Amino acid sequence: MSTIYLGIVVFLLLLAIFDIVVGVSNDAVNFINSAIGSRAAHFRTIIAVAAVGVFAGAALSNGMMDIARHGIFTPQYFKLEEVMCIFLAVVVTDVVLLDVFNTMGMPTSTTVSMVFELLGGAFALSLLKVMGDNTLSVGMLLNTDKAFQVIIAIFLSVAVAFVFGWIVQWITRAIFTFTYNKGTRVRQGIFAGLSLTAIIYFLLINGLKGSSLMTPELKSFIDANTATIVLGCLAGFSALMILLTYVKVNVLKIVVLAGTFALAMAFAGNDLVNFIGVTLAGISSYQDFTANGAGDPSTFMMTSLMESAKTPIFYLVGAGAIMVVALTTSKKAHNVVKTSVDLSRQDEGDEMFGSSKMARSIVRNTLMVSKTVGRFTPASMSRFIGGRFNVQDAELADGAAFDLLRASVNLVLAGLLVALGTSFKLPLSTTYVTFMVAMGSSLADGAWTRESAVFRITGVLSVIGGWFITAGVAFIISSIVCSIMHFGGIVVMLAFVAIAIVILVSSNIKYAKKAKKRDELEDIFRSMMRVRRGDYAEARRLVADHNRLANVRVMDFVRFEFMTLTSAFMEDNYQPLRGAQTRIEDERHRWKRIRKREIMGMRRIDPMVAIEKNTWFFLANNSAEQMLYCLKRIAEPCAEHLGNNFAPMDEEVSRPYLELRNRVEPLFERTIAMLQNDTFAVEADQIRRDAQSVQEGLSALRKQHIDYMTAHSDTMSMQNANLVYLNILQETQELLSALRHVIRGLNKLRA
């Protein structure tokens, strides 16, 4: 029996490695998004600084491990087989759940997942134990006070981080404005000195009180000389930073990199328990079991877990090394970072999220409140505040989402809040804190304009909703898995471990294949957004490339779906129509997104050229969208007709249409080739004339069929099919009309 539980411990270690990898992929956003978003340094430099911080934080971490041992449940009432069941269920659930979120590119909380998985597994077994023993109660088995304290701290941190992020950034921006690089050397130096002092105090002193290397003597010395240390750091750092500003060193870059290091260190110290805390508790349980004779695991009580953790340093160092490797190699980490940076960027860009009713309501009510406050605010104060927050003065580094000042506030404030929670041994969610600080600071900076606010708020609500879903799903799945393991025994435990490993491996293989498929359109857009302001020629070239490729894709989509829809109706074949409406609607939303991107690109070209080309740009784009609407109006009646198994179309009646229809597909193929080869001068007019010829044929055929229906109105048994047929004739005409307008608009646009 002892050998079996040794095998479970080995599996826990293996799954802990997976957990570290997927956890770091998710949580990398917490400490590198500000440095990446502000372009404080090269990507490799940022990753290197963060990696050193992660390793140092992991190696010095120990004080948070008690959460997994006795922070959520009371182990003295549980047997070895029961705690092993809980720990294994937690780790299996955690690795799969986090991997799903990483693949979606959504940041979630490893702290929330770990806490609610422990709570779910312990709750399930507590209910089973209470049903079998009347002397026990759920309140005795669960550490409800501590669990409630942890949960409240996690969710309260959302509001606290957002509010403090907004207030601190507002005050900072009011002092420095968006032109902080001009004539503010002393203020910049003092700000940098204050930031570095805060980092030293909260992260290296407060944040490491519970670390394994913090000896009682060192702790007493720090406690006795805290004021001296803080004042000395403030004076020394401020003087050094002011001196550096006078020799043309950007001290805010130093603050951002130092903040990245410190926040990475705080993350590892706070969140390492999420990745290995449960596994270490399982190892400790097994060691206690074997040290006391390795008796019956079904009767051996786990009182030893009530003691504080004494984690061997090699576990911490090993975990730190794995975290560094995961941070430097994970592609999913970069995907999650993109979501956070996009939602907090200063200028316009591609909005990842759509609009929602709640977001629209929040924006509308906020505008009403703002107007009301504005009526009672003195005009002089309004002018002063407007001058301090003139977003048009913002100077961003090439490709940066926001400036170094906001990045500094994000890192320092998030680090302070995380370190404060760590000092009280509360596992605050670093994801919640850093994300909400970034959202609060972007709001204070005016990054959420009336043009983007509804999309940004929808994004924030989506991410927060994902956090709450994480809590619920983690609790439910862990409780179910734990219950099944409890009744199924060792065989079921091993089966769940195997399932988790298979899911992870297959998920990573699929993600790697997906990542290899580079989206050329996405690459062009990113290049377009990185063009230097004033480089009109490059911007115009990229807009033209983006427009050409986007139209090639939409033309190919319309060609394929048009042939599919019409063939399915004429052949009375419902199967090809399944999902057609969904595909068309998805393409319509994708086209709207492309149109928004190209409008942003048009704003980067020469304003006079943009005004000249504006009419043709909108003609081409609106006509392309009209083609998608034509497909939608064909698909709906066809799907309804075939879905209801109505009488099919008479082949003799439909044959003339098919002859004209077969001339439509080559028109789209020729248009696609013209776009790809840029042969407008040779092909454009001829394609438009050929399309008009087919239109005229369709018009005559439509009139002919109306006359046929009128003449045979008393004897026709396929009235529904004939109405759908008339609709197809009309929409095919509209489709060709839209195609002609697209070609005309694109031809004028490229000239």
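Keep in mind that what you see is a predicted model, and the values were worked out from it rather than measured. Reckoned from all heavy atoms, side chains included, excluding hydrogens, waters and symmetry mates.
- For the pair K129 and Y77, the cation-pi test (distance below 6.0 Å, angle within 45°) is failed.
- Rounded to the nearest 0.5 angstrom, M301 CE and N292 CG are separated by 13.5 Å.
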- request: Go through the steps for L13 and I283 under the test side chain to side chain contact (heavy atoms under 4.5 Å, CB included), then give the verdict.
  value: CA-CA 9 Å; L13 278 169; I283 293 172; 3.7 Å; yes

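- With rounding to the nearest 0.5 angstrom, the CD1 atom of I322 is 4.5 Å from the CD1 atom of I17.
- The minimum heavy-atom distance between V160 and L417, with the atom names listed, is CG1-CD2, 4.4 Å.
- Going from atom CG of L12 over to atom CG of L280 covers 10.0 Å, rounded to the nearest 0.5 Å.
- Residue S34 comes nearest to A407 through the heavy atom pair O-CB, 3.6 Å, listed as atom of the first residue, atom of the second, then distance.
- Here the CZ-CD distance, from F300 to E82, works out to 13.5 Å after rounding to the nearest 0.5 Å.
- We find the CG-CG distance between D288 and L305 to be 7.5 Å, quoted to the nearest 0.5 Å.
- The shortest non-hydrogen separation linking S126 to L142 is OG-CD2, 3.7 Å.
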query: Which is it for L141 and T74 under the side chain to side chain contact (heavy atoms under 4.5 Å, CB included) test, yes or no, and what are the steps along the way?
result: CA-CA 5 Å; L141 299 173; T74 312; 5.8 Å; no

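- Taking the side chain as every heavy atom from C-beta outward, F116 and T470 never approach each other to under 4.5 Å.
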message: Let's go through F73 and L119 carefully: what are the C-alpha distance in whole Å and the side-chain angles of both, what is the deciding distance for side chain to side chain contact (heavy atoms under 4.5 Å, CB included) to 0.1 Å, and is it a yes or a no?
response: CA-CA 7 Å; F73 65 99; L119 191 59; over 6 Å; no

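- A 4.5 Å side-chain heavy-atom check between S38 and R406 finds every atom pair outside the cut-off.
- With rounding to the nearest 0.5 Å, the separation of CD in E81 from CG in L125 is 9.5 Å.
- Under a 3.5 Å cut-off, the side chain of S479 and the backbone N or O of G120 do not form any donor-acceptor pair.
- Residues I72 and V115 come closest through the heavy atom pair CD1-CG1, 4.0 Å.
- Using modelled atom types and a 3.5 Å distance limit, the side chains of S441 and N410 yield a donor-acceptor pair.
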Could you tabulate the donor-acceptor pairs under 3.5 Å formed by side-chain atoms of residues 84-96, not counting sequence neighbours?
unit_1	atom_1	unit_2	atom_2	d
T93	OG1	A89	O	2.7
D94	OD1	S113	OG	2.9

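- F123 and F475 have their aromatic ring centers within a separation under 6.0 angstrom.
- By the 4.5 Å heavy-atom criterion applied to side chains, V54 and M265 are not counted as neighbours.
- Here the closest heavy-atom approach between residue A40 and residue V256 is recorded as CB-CG1, 3.6 Å.
- Two residues are said to be in side-chain contact when any heavy atoms from C-beta on lie closer than 4.5 Å; I199 and F261 fail this criterion.
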- prompt: Where do L416 and F164 land on the side chain to side chain contact (heavy atoms under 4.5 Å, CB included) test, with the steps shown first?
  reply: CA-CA 11 Å; L416 302 187; F164 272 87; over 6 Å; no

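- Residues I200 and C233 approach most closely at CG2-SG, 4.1 Å, considering heavy atoms.
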